[in-house]
Amino acid sequence: FTIPICFEDESFGWQNFVKIYVTSPYRTNCVVEVPGKGYYSIKKTIPNDVIEYAITPTQGQPYVKAGRSPEVPDDIFPGSGIHVIADDPIVVYVIVRYHWTSDGFLAIPVSSLGKEYIVAGYPVDTMFRAVWNYKLPNTCGIVAAYDQTKVRFTLGGNSLTRTAGGLTPGQTVEKTLNKGDVFMVSTQGDASDLTGSRVVANKP
């Protein structure tokens, strides 16, 4: 999985973090790694309890962006996906905590991944740029679980939508990802929206 981008200006002077919580009914070896960022940690689970991995936003996100810096062009970030591997069944929950924002999600096991997704987002609020000059785009992260995963991304959105890489609604881009690679797409400009974008791949 990957971490949606949080924005540094929102929490200047605060200790931002990403935490990965793992629970299992078994005592099992559990590895969390981000090969492209040089992060690797192995721990043993405690049956019916929770263990924690704390990683920095720089290690956990494909990139770090300040609120006032430009939107980052669509690109592949090699090895930036977070991989959690265990010898026995586990449940994984992720928390991203900045001073003013907090996000959380349940990580989906590789065995439950699909080959086709529709992106849900919301239009970029014009107030942020007008009042504070913040550029807070929609982002979408696509992570490959296997080598040579061919991904086709077709941009949805609205009449004002464009990506930082230059895509406009209806345009398609194709990428080949290897295991752990992350393809990040970012909107650019006010009222831009990724909703309705379609992701189709030859592997989960």
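Values reported hereafter were calculated over all heavy atoms of this structure, with side chains retained and with hydrogens, waters and symmetry mates removed. We count residues from 1, following the sequence as given.
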Trainee: Can you check side-chain contact (heavy atoms from CB on, under 4.5 Å) on V119 and T195, steps first, answer last?
Mentor: CA-CA 5 Å; V119 177; T195 296; over 6 Å; no

Trainee: When rounded to the nearest 0.5 angstrom, what is the spacing between OG1 in T2 and CE in M184?
Mentor: 6.0 Å

Trainee: Using the side-chain contact (heavy atoms from CB on, under 4.5 Å) rule, take V22 and V91 through it: C-alpha gap first, then chi angles, then the decisive distance, then the call.
Mentor: CA-CA 6 Å; V22 178; V91 175; over 6 Å; no

Trainee: Hey, what do you get for CZ (R129) to CG (L136), rounding to the nearest 0.5 Å?
Mentor: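 Here the rounded value is 9.0 Å.
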
Trainee: With side chains defined as the heavy atoms from C-beta onward, is the minimum distance between P204 and T149 less than 4.5 Å?
Mentor: no

Trainee: Do the side-chain N and O atoms of N202 and K115 include a donor-acceptor pair separated by under 3.5 angstrom?
Mentor: no

Trainee: Is there side-chain contact between V124 and D193, with heavy atoms separated by less than 4.5 Å?
Mentor: no

Trainee: With rounding to the nearest 0.5 angstrom, report the CG to OG distance, N29 to S24.
Mentor: 11.0 Å

Trainee: Which atoms form the tightest heavy-atom contact between I76 and T176, and what is the distance?
Mentor: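 Answer, listing the atom of I76 first, then T176: CD1-O, 3.9 Å.
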
Trainee: Taking the six-membered ring of Y53, is NZ or CZ of K43 closer than 6.0 Å to its centre and within 45° of its axis?
Mentor: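 Flagged: K43 positioned over aromatic ring of Y53.
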
Trainee: Applying the side chain to side chain contact (heavy atoms under 4.5 Å, CB included) test to S197, which of T163, L155, L167 qualifies?
Mentor: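 For S197, the side chain to side chain contact (heavy atoms under 4.5 Å, CB included) check succeeds only for L155.
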
Trainee: Starting from the C-alpha separation in whole Å, work towards a yes-or-no answer on ring-ring contact (aromatic ring centres under 6.0 Å, His included) for Y63 and F77.
Mentor: CA-CA 8 Å; Y63 58 83; F77 295 83; 5.3 Å; yes

Trainee: Around F105, counting heavy atoms of other residues, nucleotides and ligands shown, do more than 12 lie under 6.0 Å from its CZ?
Mentor: yes

Trainee: Give, for atom CZ of R97 and atom CG of D103, the distance between the pair rounded to the nearest 0.5 Å.
Mentor: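 If I round to the nearest 0.5 Å, the distance is 9.5 Å.
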
Trainee: Assess the residue pair N16 and C6 against the criterion (side-chain contact (heavy atoms from CB on, under 4.5 Å)); give the C-alpha distance rounded to whole Å, side-chain angles, the decisive distance to 0.1 Å, and a yes or no.
Mentor: CA-CA 10 Å; N16 305 326; C6 276; over 6 Å; no

Trainee: Tell me whether the NZ or CZ atom of K37 lies within the 45° cone about the ring axis of Y39 and under 6.0 Å from its centre.
Mentor: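 No cation-pi geometry.
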
Trainee: Between V32 and I95, is there a shared hydrophobic cluster once you connect ILVMFWY residues whose side-chain heavy atoms come closer than 4.5 Å?
Mentor: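 V32 and I95: separate clusters.
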
Trainee: Is any side-chain heavy atom of N178 closer than 4.5 Å to one of Q148?
Mentor: yes

Trainee: Taking CD1 in I108 as the centre, count heavy atoms belonging to other residues, nucleotides or ligands within less than 6.0 Å. Is the count above 12?
Mentor: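 Open: at most 12 neighbouring heavy atoms sit under 6.0 Å from CD1 of I108.
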
Trainee: Go through it in stages, so that I can follow the logic: the residues are E174 and K150, the test is salt bridge (charged side-chain N to carboxylate O under 4.0 Å, His left out), and I'd like the CA-CA distance, side-chain angles, deciding distance and then a yes or no.
Mentor: CA-CA 7 Å; E174 296 186 356; K150 299 184 189 306; over 6 Å; no

Trainee: May I have the step-by-step check of side chain to side chain donor-acceptor pair (under 3.5 Å) for T187 and N138, ending in yes or no?
Mentor: CA-CA 5 Å; T187 59; N138 284 193; 4.7 Å; no

Trainee: With rounding to the nearest 0.5 angstrom, report the OG1 to CG distance, T161 to L194.
Mentor: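 Answer for the OG1-CG pair, T161 versus L194, is 7.0 Å.
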
Trainee: Start with the C-alpha distance between K135 and E71, add both sets of side-chain angles, then the distance that settles salt bridge (charged side-chain N to carboxylate O under 4.0 Å, His left out), and finish with yes or no.
Mentor: CA-CA 7 Å; K135 303 164 186 74; E71 296 92 340; over 6 Å; no

Trainee: I'd like to know whether NZ of K179 has more than 12 heavy-atom contacts from other residues, nucleotides or ligands below 6.0 angstrom.
Mentor: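 Open: at most 12 neighbouring heavy atoms sit under 6.0 Å from NZ of K179.
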
Trainee: Kindly compute the distance separating CH2 (W132) from CE (M127), expressed to the nearest 0.5 Å.
Mentor: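 Rounded to the nearest 0.5 Å, the CH2-CE separation comes out at 4.0 Å.
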
Trainee: Between V182 and S80, is there a side-chain heavy-atom distance shorter than 4.5 Å?
Mentor: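 Yes, their side chains come closer than 4.5 Å.
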
